[in-house]
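Everything below concerns the one structure shown next.
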Amino acid sequence: MKKYYPKNLERKWQKFWEKEKIYKFNSKKKGEIFSIDTPPPTMSGKMHIGHAFSYTHLDIITRYQRMKGKNLFYPFGTDDNGLPTERLVEKENKVKIFDMERQDFIKLCRKTIKKLRPGLVQEWKDIGISSDFDLNYSTISKEVQKLSQKFFIELYKKKRVYRKEAPCLWCPQCQTAIAQADLEDKERKSFLNYIKVNIIGTDKYIIFATTRPELLPACVGISVHPNDKRYKKYIGMKVKMPLTKAEIQIIPDKKTDMNYGTGVVYYCTYGGIECVEWMKRHPNIKPINIMNSDGKYNKKAGKYAGLKTSEARKKIIEDLEIIGALEKQESITHIVNTHERCGTDIEFISTKQWFIKYLDLKKDFLKFGRQIKWFPEYMRKRYENWVKGLGWDWCISRQRYFGIPFPIWYCQKCNKIKFAKVSELPVDPLHYQPKTKCSCGNSKFIPEKDVFDTWTTSSLTPQIAINLVKDKKTRKKLFPMSLRPQAHDIINFWLFYTIARSKLHFNKIPFKTIMVSGFVLDPKGEKMSKNKGNVISPQETIEKYGADVLRHWAAKAGLGEDLRWSEEEIKGSKRIITKLWNAFRFCSIHLKDFSKKEKLNLKELEGEDKWLLHLLQITIKNYDNYFKNYEFKKARQVIDDFFWKKFCDNYLEIVKPRLYFEQSEKKGSCQRQGSYNENSSKKVKFCLYTVLLSILKLYAPFAPFITEELFQDYFKNQEKEKSIHQSLIPKINSRLLNPKIKKEIDDVMDIISLIRKYKSEKGWSLKKEISEFSIRTKNKKIKKYSKLLKTVMNIKSIKIYPVK
RNA sequence: GGACGGUUGGCUCAAUGGUUAGAGCGUCGCGUUCACAUCGCGGAGGUUAUAGGUUCGAGUCCUAUACCGUCCACCA
């Protein structure tokens, strides 16, 4: 056998699995179905290390379940529309979306996806994902468009969607409305500007503080707390705004914090969520919308028309300073909401958008959350925290190009909404006109230009995946799905939305179990980001160490735990995988002539054989128990420990003389030959075969490639399975449990340890011969092992003195 | 401000309320090179964040505090 080179080996077996359809879902296969709502990776570039990490967690679980005899429904999809994909297409083709015609851009998107998608999917195959890649979907495909539009219409029928003009979260960069979940906090350095305004009819002034002075032309109100002694007397009076000369009334508002700034707040349309809320509390006030959808100010901003926020801020501050209205500036750091996809500060703009009404269902969402089993359990709290904090209905419309269109038109005459028929789906209203007239008799319609937000569609992944199966009976068995795997960053998005959709459409939980992975952090424990330049490439890691090593390393973190990148730890995993290779190589030399058909009396096994087989049973037991609770991290620990410490360091070292018996006979003499015979060697071989095969199987979920190679290389001849991944995890054999022998050998091990220590302290070689050695022990059984001790520690004569 | 997680050798992490708190990496010493671009053996290294409490007994349970991390909300 050769040395271990993972690269070609892994490619070989990946192709083998694909060709032989090892992971194909077969609805007729026996065994309980285990269905997985696999996360469809976003088409936004290459697979990153976080993907490799969390998908490995998932794949370890699925491989284990498969080897427990479950029938795996494990599809694979890609999420290839929406903002991230648009951004990839822009970057890849060096174009700008708003410089292009809508149709041209969409064509370019389709072309780019077609080009890039196979490469992306291959990256998932490269890390050994055992999906059935024939159960494959793309969220922009015709089938998925149809499904997504159908469910939208269904929601409308259930009176769960509505269109409304309202101030809405808006990204001026992407020029689209966004949802609450799309927000990300960012710390910004800014100024708190104190602005002095005259109270009309008096010579008095009041001062308010603001971080957004540029919105002065959009100012609609000033508030003080009704109990604020300083300002009580001014309530109801008006102030004259500087620059705009607008007259604004001072209105009492209990939400005003008397202790912040000057205790006077000015409200604009819209400076932030607090302004929107303030407008709701004071419905008589009319908004002054000064911002266009591209983030530039319009005519209502007077001389500031045409400017963007940052430009207008600079100019207005200058102007305020000139007229002496700027009392002072305080530098502050504060948190602003930015668009999670592009980092731009968000604005509020009043526009017409589509919403899914669900705020009334918060209690049901919480109830559903409790019906699902969470790993780790505490992640549920995050979900609950999010649900409790929901303040807005779900805005699902996006003013973008590459997404699934709304299947609707508006009557040109009466403005009534016209829905596409389900039989017509999928439709793009921009290129298709309704066949029937509006109820008002008119037959001309204006198409809806907006598209669905990606989460609108990806919240339907269980349905999308199940839709790939044609047989209705099987479909029923797949839902609710067994497992939803994902990372913790999208609990508020994908996870929540999927549960919400499932509630709205089916009133059922979408999956029975959720497993949540953490993140990979850089060696300092910080988040990886392209800006920081601390990104680790999984592709390079695979190239250098192999996917099995990367997977073994990824299992170092349990569910919910973050894992710091460490080259040293990767090397540690590499050592274990290499050791597996070498241990197998060594054993296979001795196992050449072994046949498992040859019968052997278990009772006649040597003590160390029984000891090893006993420990194997315990290892399997622990391994299974850990996997039951999704604790693959601990399962990995027990198999690592058993393999390296017990099997290699102890057992193999002890039995070498028994294995070398044949060779030593030929050579005539051997240093540690002892007096072993052929029968003794046979017993070792039986143990090696049994234990090695078990070790391979227990490692198979973690390191699928090398275990397959070793299985095919030797065990294939005597085992019936086509692939190790179609075999079963070994069952505990209670006949091999032997606590008595375990205790005896443990004592022998302790004695060996003492002798090693003694030799080590003397600076002797461990092989140095000891002429005479005495043991005082309470354990009467030790006598049985004096031959073993003599051989292992190279002792000529042992005397054992019993102690009472 | 709210919620959640964490704090154990230099580093990364283990320890169903029960002997002397364990591994791996690193470090120091020794030994092998006949499975192992190595591997093995041995040593040093810990007041378990802090302060109280419950208990025969606390790293583990309770209460506070501090610090770190994550999510959410937010002061104009």
Side-chain angles (χ1 to χ4, degrees), chain A residues 1 3-4 180-181 183-185 192-195 208-213 215 222-223 253 255-268 271-275 278 332 334-337 376-391 488-489 491-492 518-519 521 523 525-527 556-558 560-564 566-569 571-573 575-576 578-590 633-634 637 640-641 644-645 648-650 652-653 656 659-660 663 667 670-671 752-768:
Chain A
M1 253 172 92
K3 291 206 166 172
Y4 173 55
Q180 194 180 350
L183 298 179
E184 190 177 52
D185 290 352
L192 190 55
N193 303 281
Y194 289 77
I195 295 167
F208 62 84
T210 178
T211 51
R212 303 214 52 189
L215 289 169
I222 286 188
S223 272
D253 189 80
K255 293 260 168 140
T256 311
D257 180 355
M258 289 188 272
N259 300 318
Y260 190 88
T262 60
V264 184
V265 195
Y266 101 132
Y267 289 105
C268 308
I273 191 161
E274 66 285 351
C275 296
W278 185 87
I332 54 161
H334 66 153
I335 308 292
V336 295
N337 280 319
E377 169 72 28
Y378 66 77
M379 284 293 176
R380 177 195 284 124
K381 299 258 168 86
R382 286 235 199 146
Y383 166 82
E384 290 181 350
N385 205 13
W386 171 256
V387 171
K388 285 174 189 164
L390 277 177
H488 62 59
D489 55 332
I491 289 175
N492 308 340
F519 275 157
L521 304 175
E526 286 172 24
K527 260 190 186 178
K556 209 176 143 51
E561 292 169 14
D562 292 339
L563 184 58
R564 279 190 198 192
S566 153
E567 194 87 12
E568 289 310 311
E569 284 177 3
K571 284 178 185 163
S573 287
R575 269 195 289 274
I576 291 186
T578 309
K579 183 123 178 148
L580 192 60
W581 182 270
N582 284 317
F584 181 87
R585 186 169 65 162
F586 171 70
C587 295
S588 65
I589 295 165
H590 298 284
K633 174 188 179 176
K634 288 180 181 167
Q637 274 167 8
D640 278 352
D641 182 70
W644 196 303
K645 294 273 157 203
C648 293
D649 288 352
N650 287 319
L652 279 186
E653 292 307 321
K656 268 178 186 173
L659 284 170
Y660 284 126
Q663 291 169 16
K667 282 179 193 168
C670 176
Q671 191 187 3
I752 290 175
S753 210
L754 283 171
I755 304 171
R756 276 171 177 164
K757 192 174 171 180
Y758 179 78
K759 286 185 172 179
S760 186
E761 277 166 2
K762 292 270 178 193
W764 293 350
S765 156
L766 292 179
K767 284 181 181 170
K768 188 180 163 82

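Note on naming: letters A, B, ... go to the chains in the order of the sequence lines (proteins, then strands), and numbering restarts at 1 for each one.
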Using the C1' atom as the point on both nucleotides, what is the distance between B:A15 and B:A21, in whole Å? 7 Å
Look at A:Lys634 and B:A15 and indicate whether a side-chain polar atom (N or O) is within less than 4.0 Å of OP1 or OP2. yes
Nearest to the A:Asp257 side chain among B:C41, B:A14, B:C75, which nucleotide is it? B:C75
Using the six-membered ring wherever Trp is involved, compare the ring planes of A:Tyr266 and A:Phe208 and label them parallel, tilted or perpendicular (cut-offs 30° and 60°). parallel
With both distances under 3.5 angstrom, what nucleotide forms a Watson-Crick or G-U wobble pair with B:A66? B:U7
Sugar-phosphate, base or nothing in reach of A:Lys762, heavy atoms under 4.0 Å: nothing
Distance between C1' atoms of B:U12 and B:U7 (Å, rounded): 14 Å
When all nucleic acid strands are considered with a 4.0 Å heavy-atom cut-off, which category describes A:Lys381: base, sugar-phosphate, or nothing? sugar-phosphate
Answer yes or no: does a side-chain N or O of A:Asn385 lie under 4.0 Å from OP1 or OP2 of B:G2? no
Measuring from the side chain of A:Glu274 (C-beta onward, heavy atoms only), which nucleotide among B:C75, B:C4, B:A76 has the closest atom? B:C75
If you pin A:Asn582 and A:Tyr266 to their nearest nucleotides in RNA chain B, which one's is more 5'? A:Asn582
Side chain of A:Lys656 only, heavy atoms from C-beta on: which candidate in B:C13, B:A35, B:C75 is closest? B:A35
Does A:Lys579 count as lying over the ring of A:Trp644, i.e. NZ or CZ under 6.0 Å from the six-ring centre, within 45 degrees of the axis? yes
Under the rule syn = chi within 90° of 0, otherwise anti, which is B:A73? anti
Whole angstroms only, please: what is the CZ-C1' distance between A:Arg575 and B:G26? 11 Å
Under 4.0 Å between any heavy atoms, over every strand shown, what does A:Ile335 touch: base, sugar-phosphate, or nothing? Just pick one. base
For B:U54, the Watson-Crick or wobble counterpart (both distances under 3.5 Å): none
With a 4.0 Å limit, can you tell me whether A:Lys757 has a side-chain N or O closer than that to the phosphate oxygens OP1/OP2 of B:G43? yes
Kindly say if A:Ser753 contacts the phosphate of B:G42, meaning a side-chain N or O under 4.0 Å from OP1 or OP2. yes
With both distances under 3.5 Å as the test, what is the Watson-Crick or G-U wobble partner of B:A37? none
Whether A:Trp764 and A:Tyr758 hold their rings parallel, tilted or perpendicular, with breakpoints at 30° and 60°: perpendicular
Comparing A:Leu192 and A:Lys527 on RNA chain B - which has the more 5′ nearest nucleotide: A:Lys527
With respect to the side chain of A:Thr578, which nucleotide from B:C75, B:A37, B:G40 is positioned closest? B:A37
Describe the nucleic acid contact of A:Gly263 in one word from base, sugar-phosphate, nothing, applying a heavy-atom distance below 4.0 Å. base
Heavy atoms from C-beta onward define the side chain here; which of B:A73, B:G40, B:A35 lies closest to that of A:Cys648? B:A35
At under 4.0 Å, does any side-chain N or O of A:Tyr260 touch on OP1 or OP2 of B:A76? yes
Roughly how far, to the nearest 0.5 Å, is CZ of A:Arg585 from OH of A:Tyr4? 13.5 Å
Is there a donor and acceptor pair closer than 3.5 Å between the side chain of A:Lys388 and the base of B:A3? no
Touch class at under 4.0 angstrom, heavy-atom based, for A:Asn492 against every strand present: sugar-phosphate
If the C1' atom of B:G40 is compared with that of B:A35, how far apart are they to the nearest Å? 13 Å
Nearest whole Å is fine: how far is B:C68 P from A:Glu526 CD? 14 Å
Mind checking the C1' distance from B:G5 to B:G52? Whole angstroms is fine. 24 Å
So do A:Lys633 and A:Glu561 actually touch side chain to side chain, heavy atoms under 4.5 Å? yes
Identified pairing partner of B:G1, criterion: Watson-Crick or G-U wobble below 3.5 Å: B:C72
Classify A:Lys633 by what it touches in the nucleic acid, base, sugar-phosphate, or nothing, heavy-atom distance under 4.0 Å. sugar-phosphate
Nucleotide B:G6, atom P - distance to CD of A:Glu377 in whole Å: 13 Å
Watson-Crick or G-U wobble partner of B:U47, both distances under 3.5 Å: none
With heavy-atom distances below 4.5 Å as the criterion, would you say the side chains of A:Thr210 and A:Ile195 are in contact? yes
Rounded distance (Å) that lies between atom P of B:G31 and atom CZ of A:Arg756: 17 Å
So, OP1 or OP2 of B:U12: does either fall under 4.0 Å of a side-chain N or O from A:Arg564? yes
Just the rounded figure in Å: distance from P of B:A3 to CZ of A:Arg382. 15 Å
Atom NZ of A:Lys645 and atom P of B:G22: how far apart are they, to the nearest Å? 15 Å
B:A23 and B:U33, which share atom name C1', separated by this distance in whole Å: 27 Å
Between B:G22 and B:U16, how far apart are the P atoms? Round to whole Å, please. 13 Å
On a whole-Å scale, what distance lies between the C1' atoms belonging to B:C25 and B:G9? 12 Å
B:A44 and B:G29: how far apart are their P atoms, nearest whole angstrom? 15 Å
If the cut-off is 4.0 Å, is A:His590 near the phosphate of B:A35, judged by side-chain N/O to OP1 or OP2? no
With a 4.5 Å heavy-atom cut-off, do A:Thr262 and A:Tyr194 have their side chains touching? yes
From B:U12, B:G31, B:C39, nucleotide with atom closest to A:Glu569 side chain: B:U12
For B:G40, take OP1 and OP2 only and decide whether either is under 4.0 Å from a side-chain N or O of A:Trp644. yes
With a 3.5 Å limit on both atom pairs, tell me what B:U12 is paired to, counting Watson-Crick and G-U wobble, or say none. B:A23
